[in-house]
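I have placed the structure first, in the form of structure tokens, so that the comments after it can refer back to it.
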Amino acid sequence: MFGIENYLGFILAAILLNLTPGTDSMYIITRSMAQGQTAGFYSVLGITSGILVHTLLASLGLSVLLANSPTAFMLVKYIGASYLCYLGFKMLTSKSSNSIANSLSKDQHVTSQKDVDGWKIYKQGVLTNVFNPKVALFFLAFFPQFIDSSYAYGMLSFLMLGLTFAVTGFVWCLCLALLAARFSARLRENPSIETMLNRISGVVFIGLGIRLLTEKG
């Protein structure tokens, strides 16, 4: 089907890979714990959209340029690491507000939708994933193993595999967001604990940025 070989095997492998903790998982968990379920949902949408961007780039062959150009790889790597550190710094230095804690109560569920800037969190999720060159290289190394080399429309095969990977990832990441938000909901009702969660999230983001920067290509 669409030049894909052992599609079931790919699905199983994609699920296992999505279960493996990584930068995307930590981003979603920290967002969900610090800002609640709505923020977690938008972060999942952002990460999933980033995966779709990588899928499109890989199918068009643009990711090959990244893989074969050390300069391009390092540039994207530095941008991604700097952006994660920037997010962490903002969370560490931002003034605490009780609006998040107050909006978590069941009686104010509608208000919580307004308090969280979903579009901003969504964009941050997209950029976090897109500027991680490891994802692009992973796609180039993993996907071809399930594509028939004699198939004339390899781009279609890449798109189908990418969509499958995005769907399995979305389901798993959504579960992570819901569990993390539920786990920390009661804690965030205490303003001092809410502040602590925001600070911890900031440290995690900076740590993720440093990890990305120091990883070998």
Side-chain angles (χ1 to χ4, degrees), residues 4 7 9-32 40-88 121-147 154-177 204-217:
I4 299 174
Y7 186 56
F10 175 83
I11 294 176
L12 294 176
I15 292 174
L16 291 175
L17 289 168
N18 283 315
L19 293 177
T20 304
T23 302
D24 293 346
S25 299
M26 292 304 299
Y27 175 80
I28 291 168
I29 290 173
T30 50
R31 273 296 183 197
S32 302
F41 176 72
Y42 281 110
S43 67
V44 171
L45 288 180
I47 293 297
T48 303
S49 297
I51 292 175
L52 294 177
V53 171
H54 278 292
T55 298
L56 180 60
L57 293 177
S59 65
L60 293 175
L62 296 180
S63 291
V64 176
L65 174 63
L66 182 64
N68 294 329
S69 173
T71 301
F73 179 86
M74 291 304 298
L75 178 61
V76 173
K77 189 175 184 178
Y78 283 131
I79 293 175
S82 299
Y83 185 70
L84 285 171
C85 290
Y86 165 74
L87 292 180
I121 294 175
Y122 169 79
K123 288 189 295 182
Q124 291 175 346
V126 173
L127 293 175
T128 297
N129 185 270
V130 168
F131 285 113
N132 185 351
K134 293 289 184 179
V135 179
L137 297 183
F138 165 75
F139 275 29
L140 289 176
F142 182 60
F143 283 20
Q145 300 180 44
F146 298 89
I147 297 177
M155 177 179 177
L156 182 58
S157 302
F158 253 102
L159 289 175
M160 288 299 299
L161 293 178
L163 288 174
T164 301
F165 190 82
V167 170
T168 57
F170 175 81
V171 173
W172 169 242
C173 289
L174 187 60
C175 291
L176 281 180
V204 170
F205 284 158
I206 292 176
L208 290 174
I210 295 175
R211 177 186 174 186
L212 177 61
L213 187 63
T214 56
E215 279 184 338
K216 294 182 179 180

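Nothing fancy with the numbering, it's 1 onward along the sequence.
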Audit row: T55, L161, side chain to side chain contact (heavy atoms under 4.5 Å, CB included) steps and yes/no: CA-CA 8 Å; T55 298; L161 293 178; over 6 Å; no
Any side-chain donor near an acceptor of the partner, Y122 and S49, under 3.5 Å: yes
Any residue meeting ring pair (Phe, Tyr, Trp, His ring centres under 6.0 Å) with Y78, in chain and number order, not counting sequence neighbours: none
Test item: [X] and [Y] side chains (from C-beta on) under 4.5 Å apart, heavy atoms:
X: I79; Y: L127; value: no
X: F10; Y: I4; value: no
X: F143; Y: S157; value: no

F165 and F138 aromatic ring geometry - parallel, tilted or perpendicular at 30°/60° bounds: tilted
Whether F142 and F146 hold their rings parallel, tilted or perpendicular, with breakpoints at 30° and 60°: perpendicular
How far apart are the closest heavy atoms of [X] and [Y], and which atoms are they?
X: M155; Y: L60; answer: CE-CD2, 3.4 Å
X: G40; Y: S32; answer: CA-OG, 3.2 Å
X: N129; Y: G50; answer: OD1-C, 3.0 Å
X: G88; Y: I206; answer: CA-CG1, 3.8 Å
X: S43; Y: I121; answer: N-CG2, 3.8 Å

Any donor-acceptor pair under 3.5 Å from N18 side chain to W172 backbone: no
Heavy-atom donor-acceptor pair, T30 side chain to Y27 backbone, under 3.5 Å: yes
Calculate, to the nearest 0.5 Å, the distance between atoms [atom1] and [atom2] belonging to [X] and [Y] respectively.
X: I11; Y: L16; atom1: CD1; atom2: CG; value: 12.0 Å
X: F131; Y: L75; atom1: CZ; atom2: CG; value: 8.5 Å
X: L159; Y: S59; atom1: CG; atom2: OG; value: 4.0 Å
X: I51; Y: D24; atom1: CD1; atom2: CG; value: 6.0 Å
X: T128; Y: M26; atom1: OG1; atom2: CE; value: 13.0 Å

Stepwise side chain to side chain contact (heavy atoms under 4.5 Å, CB included) check, T48 with C173: CA-CA 9 Å; T48 303; C173 289; 5.7 Å; no
Stepwise side chain to side chain contact (heavy atoms under 4.5 Å, CB included) check, F170 with L45: CA-CA 8 Å; F170 175 81; L45 288 180; 3.7 Å; yes
